[in-house]
Asker: 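Sharing a structure below in structure tokens format, with a few things to ask.
All heavy atoms count here, side chains included; hydrogens, waters and symmetry mates do not.
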Amino acid sequence: MKNNQKRDKLFVNQINTPNEVKKASREPKGYADSEPFCIMANQRHAVGSKIMNRDGTETVCTEKGWQKESHRESEKK
């Protein structure tokens, strides 16, 4: 496991299950000692990171933690 430090850079990521992480931002959004973040698969992810679930829903990192959102095609109409 990576030795995480408080000065770790936080990036907005897109996570596909199972634990396939792709950076959605090239520039860091901040540092772990001063910005809120969420933890998934032993990694820190900046607010705005998304988990794409197999059932078509997304789980988004917010300042309050991971929050599930529904974005199915049938619900958009």
Asker: If the condition is salt bridge (charged side-chain N to carboxylate O under 4.0 Å, His left out), which residues does Lys22 pass it with, not counting sequence neighbours?
Answerer: Glu20
Asker: Quick one, Val60 and Gln67 - any side-chain contact, counting heavy atoms below 4.5 Å?
Answerer: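 Result no, sub-4.5 Å side-chain heavy-atom pair not found.
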Asker: Taking salt bridge (charged side-chain N to carboxylate O under 4.0 Å, His left out) as the test, write out the residues that go with Glu27, two or more places apart.
Answerer: none
Asker: For Asn53, which residues count as a side-chain hydrogen bond (donor to acceptor under 3.5 Å, both in side chains) partner, sequence neighbours excluded?
Answerer: Thr57, Thr59
Asker: Return the minimal non-hydrogen interatomic distance between Pro36 and Val47, and the atom names on each side.
Answerer: O-CG2, 3.6 Å
Asker: Does Ile39 sit in a hydrophobic cluster with other residues, and if so which ones, taking ILVMFWY side chains as linked at heavy-atom separations under 4.5 Å, directly or through other members?
Answerer: Leu10, Phe37
Asker: What is the distance from atom CE of Met40 to atom CD1 of Ile15, rounded to the nearest 0.5 Å?
Answerer: 6.0 Å
Asker: Output the distance between atom NZ (Lys9) and atom CD (Glu35), rounded to the nearest 0.5 Å.
Answerer: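 Answer for the NZ-CD pair, Lys9 versus Glu35, is 14.5 Å.
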Asker: Who pairs with Arg26 by side-chain contact (heavy atoms from CB on, under 4.5 Å), at least two apart in sequence or on another chain?
Answerer: none
Asker: With sequence neighbours excluded, tell me which residues meet side-chain contact (heavy atoms from CB on, under 4.5 Å) with Cys38.
Answerer: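 Cys38: side-chain contact (heavy atoms from CB on, under 4.5 Å) contacts with Cys61, Trp66.
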Asker: For Asn13 versus His45, what's the shortest heavy-atom pair and its separation?
Answerer: ND2-ND1, 2.7 Å
Asker: Nearest 0.5 Å, please: how far is OG in Ser49 from NZ in Lys29?
Answerer: 7.5 Å
